[in-house]
*Asks:* 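My structure is below; once you've seen it, I'll send some questions.
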2 protein chains.
Amino acid sequence: MNISDASRDSGLPAKTIRYYEDIGLVKPGRLENGYRDYSDDDLHKLRFLQRSRGLGFSVEDCRVLLSLYEDRNRASADVKQIAKTHLVEIERKIAELQSLQKTLSHLVDACQGDHRPHCPIINDLAG
Amino acid sequence: MNISDASRDSGLPAKTIRYYEDIGLVKPGRLENGYRDYSDDDLHKLRFLQRSRGLGFSVEDCRVLLSLYEDRNRASADVKQIAKTHLVEIERKIAELQSLQKTLSHLVDACQGDHRPHCPIINDLAG
DNA sequence: CATAGAGGTTCCAGCAACTGGAAGGTCAAG
DNA sequence: CTTGACCTTCCAGTTGCTGGAACCTCTATG
């Protein structure tokens with residue numbers, strides 16, 4: 001299966017698939033003409049990557065998750081640890097963004113938004 | 001005032017201050033020995049940048065906000081528009097992260113996290 | 001006066017995770 | 001034979017810094 005079919009199948013752009021090969025995540029075989037040739041196993045990995053990236057795991061996390069995916073002797077504790085750490089980070093980001101949202105929405109509400117220069121947003125930024 | 005004092009005053013790392021100069025945000029004068037020399041006006045701008053970056057505005061937004069800050073004839077509507085757009089983006093990110101959080105926390109809860117290979121997280125990622 | 005250390009300067013490289021584009025090889029259809 | 005759609009590699013750019021090397025300058029001290 002060539003790269004554009006692999007792209008359709010996995011939902012990843014061809015550019016991204018090549019990039020994943022560059023960094024050693026999924027290394028397909030090659031045909032005589034030099035074209036990449038994706039096996040079923042490669043396709044599983046690409047789909048796995050698509051989904052784990054979609055859940056916001058870093059590429060390095062994905063690398064580890066992929067190796068756990070392939071490890072029939074894995075301990076689920078190892079997977080859970082990665083996911084938990086990621087979850088904590090997501091929760092931290094949510095809290096951070098909610099704090100920004102609170103501040104900004106107050107400022108936006110307080111601003112008249114007219115042709116005049118007076119602006120609580122600018123005043124706040126000016127400190 | 002030299003760069004390390006400007007750094008202390010603004011809360012920005014010296015490296016960042018030099019970077020802001022590189023990209024044309026705050027251009028201090030120079031002393032005879034080549035050292036940067038920050039005026040009160042420069043310091044106001046640096047503080048303004050520190051705060052607007054702290055609210056998550058992009059550097060390009062900050063550039064526009066800074067010019068509005070200096071424009072005595074600004075329309076507050078222009079400021080408000082930038083802030084509103086940013087706010088919408090923040091809210092979009094919050095929603096996205098909350099969706100990830102929901103999925104991930106379910107998966108983490110469902111995983112035993114023991115020495116055995118069975119893992120709902122991996123199963124989900126595998127599709 | 002020599003020197004050590006704490007500043008300052010410039011410039012180059014690298015981070016994450018791709019993405020775009022150029023230059024060129026390959027293949028099937030008309 | 002040519003067109004067009006594939007494929008290949010490689011290089012550069014994105015965002016917003018950050019680290020480091022190599023070198024200059026100033027101040028204090030022996």
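Letters A, B, ... are given to chains in the order of the sequence lines, protein chains preceding strands, and every chain is numbered from 1. Computed from a predicted structure; not experimentally measured.
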*Asks:* Just wondering, do L25(A) and K45(A) contact through their side chains at under 4.5 Å, heavy atoms?
*Replies:*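 No, every pair of side-chain atoms sits at 4.5 Å or beyond.
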
*Asks:* With a strict under 4.0 Å distance from non-hydrogen atoms of chain B, what nucleotide opens and what nucleotide closes the contacted stretch of DNA chain D, reading 5' to 3'?
*Replies:*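 Nucleotide range in contact with chain B: dG16(D) to dC26(D).
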
*Asks:* With nearest nucleotide decided by heavy atoms, which residue, F57(B) or E32(B), maps closer to the 5′ end of DNA chain D?
*Replies:*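 Residue closer to the 5' terminus by nearest nucleotide: F57(B).
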
*Asks:* Whole angstrom is fine here: how far is it from CD1 in I23(A) over to P in dT19(C)?
*Replies:*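 Distance, rounded to whole Å: 12 Å.
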
*Asks:* Under the 3.5 angstrom rule, does the side chain of S76(B) hit a backbone N or O of P117(A) as a donor-acceptor pair?
*Replies:*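 Checking the backbone N and O of P117(A) against the side chain of S76(B), no donor-acceptor pair under 3.5 Å is found.
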
*Asks:* What is the separation between atom CG on D22(A) and atom P on dC18(C), rounded to the nearest whole Å?
*Replies:*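 In whole Å, dC18(C) P lies 12 Å from D22(A) CG.
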
*Asks:* Please tell me which of the listed nucleotides, dA17(C), dG8(C), dG25(C), lies nearest to the side chain of Y35(A)?
*Replies:*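 Closest of the options to the side chain of Y35(A): dG25(C).
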
*Asks:* For I3(A), which contact category applies under a 4.0 Å heavy-atom criterion: base, sugar-phosphate, or nothing?
*Replies:*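 Contact class for I3(A): sugar-phosphate only.
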
*Asks:* Are I17(B) and R36(B) side-chain neighbours, meaning at least one heavy-atom pair lies under 4.5 Å?
*Replies:*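 Not touching, per the 4.5 Å side-chain cut-off.
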
*Asks:* Under 4.0 Å from OP1 or OP2 of dT10(C): is there any side-chain N or O of R36(B) that close?
*Replies:*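 For dT10(C), OP1/OP2 do have a side-chain N/O of R36(B) under 4.0 Å.
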
*Asks:* In Å and rounded to the nearest 0.5 Å, what is the CG to CZ distance from D42(B) to R47(B)?
*Replies:*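 If we round to the nearest 0.5 Å, D42(B):CG and R47(B):CZ are 10.5 Å apart.
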
*Asks:* Do S7(B) and L12(B) have side chains that approach each other closer than 4.5 Å (heavy atoms only, starting at C-beta)?
*Replies:*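 Heavy-atom side-chain distance check fails, nothing below 4.5 Å.
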
*Asks:* Atom CE of M1(B) and atom C1' of dG8(C): how far apart are they, to the nearest Å?
*Replies:*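 Nearest whole value for this atom pair: 16 Å.
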
*Asks:* For the side chain of R74(A) and the backbone of L68(A), is there at least one donor-acceptor N/O pair under 3.5 Å apart?
*Replies:*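 Yes, because the side chain of R74(A) sits within donor-acceptor range (under 3.5 Å) of the backbone of L68(A).
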
*Asks:* For DNA chain D, determine which residues of residues 4-19 of chain A have any heavy atom closer than 4.0 angstrom to one of its atoms, and list them numerically.
*Replies:*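 Here the set is S4(A), K15(A), R18(A).
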
*Asks:* With salt bridge (charged side-chain N to carboxylate O under 4.0 Å, His left out) as the test, pick out the partner of E21(A) among K15(A), K27(A), R30(A).
*Replies:*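 The single option meeting the salt bridge (charged side-chain N to carboxylate O under 4.0 Å, His left out) with E21(A) is R30(A).
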
*Asks:* Could you state the atom-to-atom distance from CG of L25(A) to P of dA17(C) in whole Å?
*Replies:*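 It works out to 10 Å between those atoms.
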
*Asks:* From CG of N2(A) over to P of dC27(C), roughly how many Å is that when rounded to an integer?
*Replies:*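 The answer, rounded to whole Å, is 12 Å.
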
*Asks:* Would you tell me whether N2(B) and S4(B) have side-chain atoms, one donor and one acceptor, within less than 3.5 Å of each other?
*Replies:*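 Yes.
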
*Asks:* Hey, can you tell me if F48(A) and Y69(A) have their rings parallel, tilted or perpendicular (30° and 60° cut-offs)?
*Replies:*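 The arrangement is parallel - the two ring planes meet at less than 30°.
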
